Amino acid sequence: MLKRTHNCGALRSEHVGKTVSLAGWVNSYRDHGGVIFIDLRDREGVTQIVFHPENKEAHGLADKLRNEDVIAIEGNCVAREGGMANPRLATGQIEVQAHKLEILNKAVTPPFTPDEAEKVGEDTRLTYRYIDLRRPRMQQILRTRHRVTKIMRDYFDQQGFLEIETPFLCKSTPEGARDFLVPSRLQPGCFYALPQSPQLFKQILMVAGYEKYLQIVRCFRDEDPRADRQAEFTQIDLEMSFIDQDEIMTVVEGCIRRVWKEVLNIDVPPIRRMTYAEAVDRYGSDRPDLRFGMELVNIGDLAGKTDFGVFKSVLAAPGGMVKAITVPGGGAMTRKETDALAEWAKTFGAKGMAVTKVGAGGALDTGVAKFLTAIAGDLIARMNAKEGDLICFAADNHKVVHRVLGELRVKLAKERGMLKEGDWQWLWVVDFPALEWNTDEKRWDSLHHPFTAPNDEDLHKLSSGDQAAISSVRSKAYDIVCNGSELGGGSVRIHRPDTQQLIFKLLGIDEESQKKKFGFLLDALKFGAPPHGGLALGLDRIIMHLVGTTNIRDVIAFPKTQNGADLMLDAPSEVDEKQLRDLHIRLQLPQKDKPAPGTPATV
RNA sequence: GGGGGCGUAGCUCAAUUGGUUAGAGCACCGGACUGUCGAUCCGGAGGUUGCGGGUUCGAGCCCCGUCGCCCUCGCCA
């Protein structure tokens, strides 16, 4: 086989006159009967190869070349003169006049070529992922992903972190997402669970005295995927001992700063902090997008002065509130468009959404305007609204109001072009509530996870037995947020067994199941556990931001579909009866009520 | 599990109110052509309209079911 002297992105004018050899894939061929041109592609670029009829043997072979054939050539690097240069190619100043051609592997006609993959349906691209991944864009993304993990490993290494692997075959716990289970052959009827995160292992490593742990690690959660979520995903997982919240945040911020600098040459300024309470109050979200305004404004006092039945009944109910946002220029929206917004709001649990417009002379116009005449002036002033703006109201309990308006401001900002290219808005969200009352199950849920340390000054409230007091307990948890997306989160952990037991108790985990599920942790905390804490960053989402995609499948080499399928492997798939027997598993599949063949659908 | 969108040639799409033999571009095959770079020109082949059923004189189009892909709600400590 011809050995390469260069890659397909390397040759420049300075190489003219040299004998070179290249190898790669046929990106396109142009056969002029006499002279034949081939664009040869490898991961570094594209180079034009020319076959002249004088080189009889090579030319004869080149005649048969088709897209995606894998070849190696040897030839002379020559200048492309007289307007024949191609400014769109990095190697466009030269071409290689081939005198040798080896067809390393003839390709059958591909379902699509990398060139046209951008327009091809995603399922086809996933089925033939090896062709899709030949695209320069995909190669650039995976290269970026490699660089990011390299930068992070180097950074954390310099900070004294040790990368330590933790098991994939773990134990199922009742908390959190649904587990992926792995049946045990050696212990009939028992199952491992794939880790949702290495949370407990990294805490144990702190107890074991490793002080600074890092792992770039796959995590598994058996929940339905989304555009930015896969069932298996990668975390940058870290944990530190003898530290406080500020120290962890400083370390992580340094990591982010270095990645953004080295990959995008962007300087991340010191990242501001905002409490959870403020984030929800002003933006209706615990991961607010600060690239635009449209903040939520409480107008409960004004709404109470109107005769609008919806407002009055909501305000009379416990926990009811009325908030609004001002949509700049939203007055131009049609009735149909604002109706659609109200319909959309219902998907988040709202019963509807009232709107009104600010018309000429600062008068409210259309929508619920007629109910608001008494407060029109005050409302417009409070909402800082101008002529031509739209005001959207949400009246419901706290949760629904914040959810609806929080989602609405993001939706409108996207749709109305309020997001500037290259704008990065970072923040830390801090002081999360520790616990949230679960009305259905009549117990507390952890907002972060059960191992999160409560704030010291709130600690005494935990054992008060008073619901209001307990729900006001804040925790040492923090999320890092970028442009409205949560890139990571962490906490200082509980390092005392009594506190940990107290939290378990509030979560409705009795002593017996504490012992069964988390006995090893409670034991470990008794045998000398240092104060510790950490954080996990979502690698996939970080890469999505860095390369500018909203599709998580773009940043994963072999992703799964929304049904959890790998279209290339055709996984998951059925297995042999023998495999099941080894695992002591008998299938009990859901009955499908199929109408008998030939039966009319309607009788 | 719920809601929405899509499924026609290898790929991307078209096909009038339900009406004759389902079309186009690219790719593919054959031919022509010595400077193209999305090569061009001439010719050709290529279809179980995702699958199953129903309504109809007649279904790519209407109805029922089912499968797949995407978005979304639930879910994601």
Side-chain angles (χ1 to χ4, degrees), chain A residues 27-40 46-54 59 66-68 80-89 91-92 95 97 108-113 115-128 131 173-179 196-197 199 219-231 233 343-349 403 407 411 432 434-436 438 444-452 477 486 489 491 503 507 509 538 550-551 553 560-563 565 567 570 592-603:
Chain A
N27 202 51
S28 74
Y29 65 95
R30 296 177 291 280
D31 183 349
H32 285 251
V35 67
I36 294 171
F37 299 96
I38 297 287
D39 286 345
L40 192 63
V46 171
T47 302
Q48 174 164 287
I49 314 297
V50 193
F51 295 92
H52 285 292
E54 295 79 56
H59 186 268
R66 290 297 180 269
N67 287 334
E68 301 308 308
R80 292 166 72 167
E81 285 161 344
M84 294 191 303
N86 184 350
R88 290 186 313 187
L89 283 185
T91 59
E95 65 191 8
Q97 296 190 342
V108 299
T109 304
F112 60 92
T113 59
D115 265 353
E116 61 192 3
E118 209 86 41
K119 292 176 282 182
V120 173
E122 197 175 9
D123 47 346
T124 308
R125 286 170 37 208
L126 289 175
T127 305
Y128 303 94
I131 296 173
T173 61
E175 295 291 317
R178 192 177 297 114
D179 284 322
Q196 297 181 21
S197 83
Q199 181 59 36
C219 304
F220 306 87
R221 295 177 190 174
D222 189 5
E223 301 291 351
D224 288 8
R226 283 285 192 285
D228 63 347
R229 207 170 81 192
Q230 286 258 302
F233 59 98
E343 205 52 42
W344 167 89
K346 289 180 185 171
T347 62
F348 300 101
R403 180 81 204 277
E407 296 282 351
K411 175 189 165 79
F432 279 79
L435 300 162
E436 201 176 28
N438 183 329
W444 296 94
D445 280 339
S446 292
L447 209 75
H448 187 54
H449 60 52
F451 319 108
T452 304
E486 181 200 325
S491 62
I503 293 286
L507 296 177
I509 305 175
T550 54
N551 180 351
R553 293 175 298 277
K560 293 183 172 52
T561 69
Q562 205 156 64
N563 249 336
L567 297 179
D570 190 25
K592 294 198 173 170
D593 31 16
K594 251 186 220 160
T599 310
T602 51
V603 180

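We name chains A, B, ... by the order of the sequence lines, and we start the count at 1 in each one. No experiment lies behind these values; they were computed from the predicted model shown.
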Taking OP1 and OP2 of B:C69, is either one under 4.0 Å from a side-chain nitrogen or oxygen of A:Asn563? yes
Flag side-chain contact, heavy atom, 4.5 Å: A:Arg553 against A:Glu122: yes
Between B:C26 and B:A39, how far apart are the two C1' atoms, rounded to whole Å? 14 Å
May I ask which nucleotide in the shown strands pairs with B:G7, Watson-Crick or G-U wobble, both distances under 3.5 Å? B:C67
Could you tell me the separation between the CZ atom of A:Phe51 and the P atom of B:C33, rounded to a whole number of Å? 20 Å
Which nucleotide in the list B:U34, B:U36, B:C73 gets nearest to the side chain of A:Phe348? B:C73
Can you check the distance between B:C61 and B:G7, where both ends of the measurement are the P atom (answer in whole Å)? 12 Å
C1' atom, B:U40 versus B:G46: distance in rounded Å? 23 Å
Between A:Glu343 and A:Lys346 (salt bridge meaning N to carboxylate O under 4.0 Å), is one present in this structure? yes
Considering only the P atoms, how many Å lie between B:G68 and B:C28, rounded to the nearest integer? 33 Å
I need the CD-P distance between A:Gln196 and B:C76, as an integer number of Å. 10 Å
Is there any protein nitrogen or oxygen under 3.5 Å from a nitrogen or oxygen in nucleotides 9-13 of chain B, and what are the pairs?
| residue | atom | partner | partner atom | Å |
| --- | --- | --- | --- | --- |
| B:G10 | O2' | A:Pro111 | O | 3.2 |
| B:C11 | O4' | A:Pro111 | O | 3.1 |
| B:U12 | OP1 | A:Gly121 | N | 2.7 |

Which value, in whole Å, describes the distance between the P atoms of nucleotides B:A9 and B:G47? 11 Å
For residues A:Arg178 and A:Glu223, report the shortest heavy-atom separation together with the two atoms involved. N-OE2, 2.9 Å
Can we say A:Arg30 and A:Asp39 salt-bridge, meaning some charged N sits less than 4.0 Å from an Asp/Glu carboxylate O? yes
Could you report the tightest heavy-atom contact between A:Phe220 and A:Phe233, atom names first, then the distance? N-CE2, 4.4 Å
Atom CG of A:Asn438 and atom P of B:C75 are separated, to the nearest Å, by 10 Å
Which listed nucleotide (B:A27, B:C69, B:A77) is nearest to the side chain of A:Thr109? B:A27
If you check the A:Met84 side chain, which of B:C71, B:C29, B:C37 turns out closest? B:C37
For A:Glu95, answer base if it contacts any base atom (sugar-phosphate contacts may also be present), sugar-phosphate if it contacts only those atoms, and nothing otherwise; contact means non-hydrogen atoms under 4.0 Å. base
Is the phosphate of B:A39 approached by A:Ser28 (side-chain N or O, under 4.0 Å from OP1 or OP2)? yes
Nearest atoms (heavy-atom pairs only) where A:Val46 meets A:Thr91: O-OG1, 2.5 Å
Separation of B:A39 atom P from A:Gln48 atom CD, nearest Å, is 11 Å
What is the ring orientation for A:Phe451 with A:His449, classed by angle as parallel under 30°, tilted 30 to 60°, or perpendicular over 60°? tilted
Would you say a side-chain N or O of A:Tyr29 is under 4.0 Å from OP1 or OP2 of B:C28? yes
May I ask you to evaluate whether A:Arg30 reaches the phosphate of B:A39, defined as a side-chain N or O under 4.0 Å from OP1 or OP2? yes
Just to confirm, is there a sub-4.0 Å distance from OP1 or OP2 of B:C71 to any side-chain nitrogen or oxygen of A:Arg229? no
Can a side chain N or O of A:Arg226 be found less than 4.0 Å away from OP1 or OP2 on B:C73? yes
What one should report as the nearest heavy-atom pair of A:Arg80 and A:Asn86 is NH2-CB, 3.6 Å
Does a side-chain N or O from A:Gln562 land closer than 4.0 Å to OP1 or OP2 of B:C71, or not? yes
Side-chain ion pair, A:Glu407 and A:Arg403, N-O less than 4.0 Å: yes
Between A:Asn86 (CG) and B:A39 (P), how many Å, whole number? 11 Å
Is it the case that B:G3 (base atoms only) and A:Glu343 (side chain only) share a donor and an acceptor within less than 3.5 Å, ignoring hydrogens and angles? no
Enumerate the protein-to-nucleotides 44-49 of chain B contacts in which both atoms are nitrogen or oxygen and the separation is below 3.5 Å.
none

Roughly, in whole Å, what's the span from CG in A:Leu126 to C1' in B:C69? 9 Å
With the side chain defined as heavy atoms from C-beta on, A:Ser446 is closest, among B:C28, B:A77, B:G35, to B:A77
Grab the two heavy atoms, one from A:Asn67 and one from A:Pro110, that are nearest each other, plus how far apart they are. O-CD, 4.2 Å
Under 3.5 Å donor-acceptor pair, A:Arg221 side-chain atoms to B:C76 base atoms: no
P atom, B:U49 versus B:G31: distance in rounded Å? 33 Å
A:Asp31 CG to B:U36 C1', in whole Å, measures 11 Å
Which whole number of Å gives the distance between the P atom of B:G3 and that of B:G65? 11 Å
How far apart are the closest heavy atoms of A:Cys219 and A:Ser197, and which atoms are they? SG-CA, 3.8 Å
Would you call A:His32 stacked on B:A39, i.e. ring centres under 5.5 Å apart with the planes less than 30° off parallel? yes
Indicate, yes or no, whether a donor-acceptor pair under 3.5 Å links the base of B:C69 to the side chain of A:Arg553. no
Are A:Thr347 and B:U72 close enough that a side-chain N or O sits under 4.0 Å from OP1 or OP2? no
Roughly how far apart, to the nearest Å, are B:G43 and B:G35 at atom C1'? 26 Å
Answer with base, sugar-phosphate or nothing: what part of the nucleic acid does A:Arg403 contact at a heavy-atom distance below 4.0 Å? sugar-phosphate
